[in-house]
Number of protein chains: 4
Amino acid sequence: MQEQAQRMGRPREGRVDTAIAKATLELLGEVGYARLTMDEVASRAGISKATIYRRHPSKQEMVFAVAIHGDELPIPDTGTLRGDLEQLARTIVGHLSGPATKALIGLLGEVDTDPGLADRFVSAFIEPERLGNTAMLEQAVRRGELARLPDMNLFHAMFGGTVLAWTLLARNAPEELPERLATAALAVLRDAELRAGST
Amino acid sequence: MQEQAQRMGRPREGRVDTAIAKATLELLGEVGYARLTMDEVASRAGISKATIYRRHPSKQEMVFAVAIHGDELPIPDTGTLRGDLEQLARTIVGHLSGPATKALIGLLGEVDTDPGLADRFVSAFIEPERLGNTAMLEQAVRRGELARLPDMNLFHAMFGGTVLAWTLLARNAPEELPERLATAALAVLRDAELRAGST
Amino acid sequence: MQEQAQRMGRPREGRVDTAIAKATLELLGEVGYARLTMDEVASRAGISKATIYRRHPSKQEMVFAVAIHGDELPIPDTGTLRGDLEQLARTIVGHLSGPATKALIGLLGEVDTDPGLADRFVSAFIEPERLGNTAMLEQAVRRGELARLPDMNLFHAMFGGTVLAWTLLARNAPEELPERLATAALAVLRDAELRAGST
Amino acid sequence: MQEQAQRMGRPREGRVDTAIAKATLELLGEVGYARLTMDEVASRAGISKATIYRRHPSKQEMVFAVAIHGDELPIPDTGTLRGDLEQLARTIVGHLSGPATKALIGLLGEVDTDPGLADRFVSAFIEPERLGNTAMLEQAVRRGELARLPDMNLFHAMFGGTVLAWTLLARNAPEELPERLATAALAVLRDAELRAGST
DNA sequence: CATTAATCGAGACGGTACGTCTTGTCTTGCA
DNA sequence: TGCAAGACAAGACGTACCGTCTCGATTAATG
């Protein structure tokens with residue numbers, strides 16, 4: 001689709017993007033978003049600051065591009081809904097342990113600075129996850145484990161939000177969550193089925 | 001409590017604390033945590049920066065003290081568990097609309113910078129809320145609506161996390177949440193009762 | 001006269017201005033105007049860049065303030081016009097060997113960048129020198145060595161310009177100039193006397 | 001002269017040199033040496049930066065080559081020494097009004113950066129002018145207006161230096177200089193004759 | 001009533017990161 | 001090979017913010 005983008009002049013070096021991403025993720029992991037500096041990213045990537053700014057207009061955008069990049073969570077397929085729920089919880093928990101989370105939280109704190117960043121968040125981070133959740137539950141419907149899709153807005157907020165609060169706010173042990181969350185989610189889904197059936 | 005603190009010299013002016021709080025909350029609302037500057041707070045409060053720093057050791061601590069200040073959510077008491085759950089959801093949603101949220105998120109992004117801030121968070125924000133939740137469910141137990149308390153860690157993470165994700169991340173309409181969340185929470189609680197009873 | 005300048009807040013430290021001047025002159029001497037960097041000035045002066053910029057709005061202005069500062073050449077008074085001329089030539093030659101000259105030339109190259117800098121030059125550098133020249137020749141008139149003042153514009157341009165071209169452009173030996181210049185200047189002055197007398 | 005330079009591949013386009021010179025002189029006139037950028041020169045010339053750097057090793061050299069290019073001032077020949085002096089003054093004044101002057105001053109400010117630039121200056125700018133001056137005065141000797149050549153170092157510094165100071169530093173009206181300078185120069189020359197004769 | 005000790009407004013200061021700009025080099029593909 | 005286009009490394013510029021500091025002027029409690 002974007003084939004018509006004519007190449008003129010020296011093409012950008014792929015190595016650069018890789019190096020920026022590597023350095024950024026490293027630093028996010030080591031010192032977090034607030035103390036990540038562009039000079040240090042450039043230094044570690046072995047490139048110059050100007051080269052970073054040719055690709056990303058600001059620190060925010062760079063971190064966003066590197067750390068959020070529409071992750072496309074893999075849709076779990078364990079054979080049972082309960083297994084899928086546990087699997088998904090595990091995946092999200094895993095994600096929230098990597099450097100991406102520090103990026104996520106740091107950027108969230110600067111949403112007010114850059115109008116439009118909020119929308120970018122929704123479309124790059126929230127929306128794909130929501131679609132993944134939907135696909136997972138549609139699978140369950142096809143398997144006959146669910147009669148219909150529940151209120152996806154609520155399900156999505158509940159599932160992701162619980163993981164967030166459990167690990168980042170309450171700082172509970174991550175490995176203890178998936179099983180419990182799966183149980184709770186199943187309860188909600190079954191209850192919704194009954195409620196819908198009786199209406 | 002710390003009355004024994006000897007007073008010598010000129011006493012602090014109460015007006016100052018009020019002005020700091022007012023200016024801080026204003027700015028949090030207008031530009032968010034990241035773009036709130038100490039100079040601007042001082043300027044709006046009509047005081048000097050040194051005066052702020054005499055009370056609060058850093059920007060983080062100031063915002064923390066002003067915006068988080070262990071709110072002691074009032075324990076809802078509507079007569080029914082379902083009513084209480086809706087009421088609580090409404091209260092939390094309300095809180096997350098004020099400037100306190102911007103403070104919360106901004107500070108969260110600087111947890112890596114200041115070790116110990118995380119603990120402060122837990123003790124000033126998470127723990128009181130957890131206790132409130134517990135009190136609310138104990139009420140339901142006394143009323144006979146629940147046989148016993150559920151896994152409070154999970155309940156708390158789920159309840160608060162869902163509100164957070166619904167309003168801040170997904171940016172759904174706040175007023176649509178309380179009823180749905182109460183339904184979901186009830187489903188989880190009832191399911192846990194059954195599961196516990198059969199064990 | 002500027003007594004009404006109310007002092008509020010912490011007063012500026014005199015040490016800072018001294019340190020800036022010292023570091024700037026040192027660097028002008030070592031690497032010249034173009035390669036003098038604000039970071040290095042700050043570093044050598046043991047102060048921060050912000051402190052420099054509080055006093056001087058740009059590199060240009062800083063160098064200007066430090067190196068040009070209306071030097072008020074001392075008016076020579078050797079007893080004879082010829083002696084005074086030689087003395088003055090020696091003084092100017094001496095000045096053009098210090099770091100101030102590198103500043104002068106470097107700034108001259110950036111006159112186009114900052115409109116108004118040209119005027120500042122004239123009033124801080126040219127005008128005082130012209131007045132000094134005038135005072136010197138008035139002395140000669142009082143002594144009876146001259147009947148009247150010559151065309152001061154021409155005299156000034158000739159005297160200063162010759163020193164400039166001799167040392168900076170042609171790069172001749174500085175010590176050989178004063179005597180020759182005094183002779184030439186005397187010739188011009190005497191010739192002007194004759195010409196004026198016969199008119 | 002260097003015709004033996006092997007030509008391989010595509011020959012250089014003459015149009016390019018013209019365009020570089022045109023753009024450079026334009027920019028020197030508009031914004032001066034310091035704010036002239038290589039990118040803007042390339043852009044205006046409709047060529048690429050690499051093409052400039054294939055011809056000129058640096059900004060300094062480019063400006064030098066374009067603006068100074070050993071002008072070979074035409075030796076005036078009006079029939080009288082006084083006429084020649086006025087004529088020469090007029091020529092120099094004319095030169096110092098064009099973009100060449102901004103180049104001259106700008107480059108002078110970077111002499112410290114590039115050792116050797118000073119020598120280039122002398123050989124490309126000072127020396128030819130000195131030779132021109134000498135030729136002019138030899139003409140006067142042949143005509144019998146002078147008995148012998150004066151101290152050419154001094155004469156040259158005085159003549160050129162006066163024009164420089166008059167127009168660039170003092171910023172006097174250029175058209176008022178030639179007649180006055182001719183008179184002064186004549187006075188110096190005549191005085192030197194007397195002095196030499198009496199020795 | 002004078003002393004004392006802390007407070008306050010104002011703003012200078014050191015440190016540090018940001019994002020921009022310019023120079024001179026290098027790498028494509030086309031002619 | 002020459003050239004247009006433009007990416008790249010290096011590094012200076014001027015701005016912004018934080019948290020500390022130094023003034024001089026208050027303002028109670030104490031001696």
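Keep in mind the model is a prediction, meaning the values are calculated, not measured. Just so we're on the same page: letters track the sequence lines, and every chain starts at 1.
Ranking E:dC18, E:dT22, E:dC13 by closeness to the D:Thr37 side chain, first place goes to E:dT22. The A:Ile47 side chain lies nearest to F:dA9 when the options are F:dA9, E:dT23, F:dG14. In this structure, of E:dG19, E:dG24, E:dT22, it is E:dG19 that holds the atom nearest to the side chain of A:Lys49. For A:Arg55, the listed nucleotide lying nearest its side chain is F:dA7; candidates were F:dA7, E:dG9, F:dC3.
Between B:Met62 atom CE and F:dC17 atom P the separation is 14 Å, expressed in whole Å. Rounded to an integer number of Å, the gap from C:Arg54 CZ to E:dA10 P is 17 Å. Rounded to an integer number of Å, the gap from A:His56 NE2 to E:dC18 C1' is 16 Å. Taking atom OH of residue C:Tyr53 and atom P of nucleotide E:dG15, one finds them 17 Å apart after rounding to whole Å. Whole-Å rounding puts the C:Met38 CE to E:dG14 P distance at 14 Å. What separates CD of D:Glu40 from C1' of E:dC21 is a distance of 14 Å, to the nearest Å. In this structure, CD of B:Glu13 is placed 13 Å from P of F:dT26, rounded to the nearest angstrom. The CD-C1' distance, from C:Glu110 to E:dT22, rounds to 13 Å in whole Å.
Residues B:Thr51 and A:Asp39 each lie close to DNA chain E; by heavy-atom proximity, the contact nearer the 5' end of the strand is made by B:Thr51. DNA chain F is contacted by both D:Ser48 and C:Pro57; D:Ser48 maps to the nucleotide lying nearer its 5′ end (nearest heavy atom per residue). Comparing B:Ala50 and D:Ala50 against DNA chain E, the residue whose closest nucleotide sits nearer the 5' end is B:Ala50. For the pair D:Ala45 and B:Arg10, both in contact range of DNA chain F, the more 5′-proximal nearest nucleotide belongs to D:Ala45.
For E:dA6, neither phosphate oxygen OP1 nor OP2 lies less than 4.0 angstrom from any side-chain nitrogen or oxygen of B:Arg12.
For D:Glu40 and D:Lys49, the salt-bridge test fails: no basic side-chain N is under 4.0 Å from an acidic carboxylate O. In summary, D:Glu61 and D:Arg120 engage in a salt bridge, as defined by a charged side-chain N under 4.0 Å from a carboxylate O.
When heavy atoms are screened at a 4.0 angstrom cut-off, C:Ala42 is found touching no nucleic acid atom at all. Residue C:Arg15 is in sugar-phosphate contact alone, with no base atom involved, counting any heavy-atom pair closer than 4.0 Å across all strands shown. At a threshold of 4.0 angstrom between heavy atoms, the contacts of C:Lys59 are confined to the sugar-phosphate backbone, with no base atom among them. Contacts of B:Leu36 with the nucleic acid, taken as non-hydrogen atoms under 4.0 Å apart, involve only primed sugar atoms and P, OP1 or OP2. Across all strands, C:Arg35 comes closer than 4.0 Å to no nucleic acid atom at all (heavy-atom distances).
No side-chain donor-acceptor contact under 3.5 Å links D:Ser43 to the backbone of D:Asp39.
Between the side chains of C:Glu110 and C:Tyr33, at least one donor N or O sits under 3.5 Å from an acceptor N or O.
Geometric assessment of B:Lys59 against the ring of B:Phe64 yields a negative cation-pi assignment under the 6.0 Å and 45° thresholds.
Using a 4.5 Å heavy-atom threshold, the side chains of C:Val16 and C:Arg55 count as touching.
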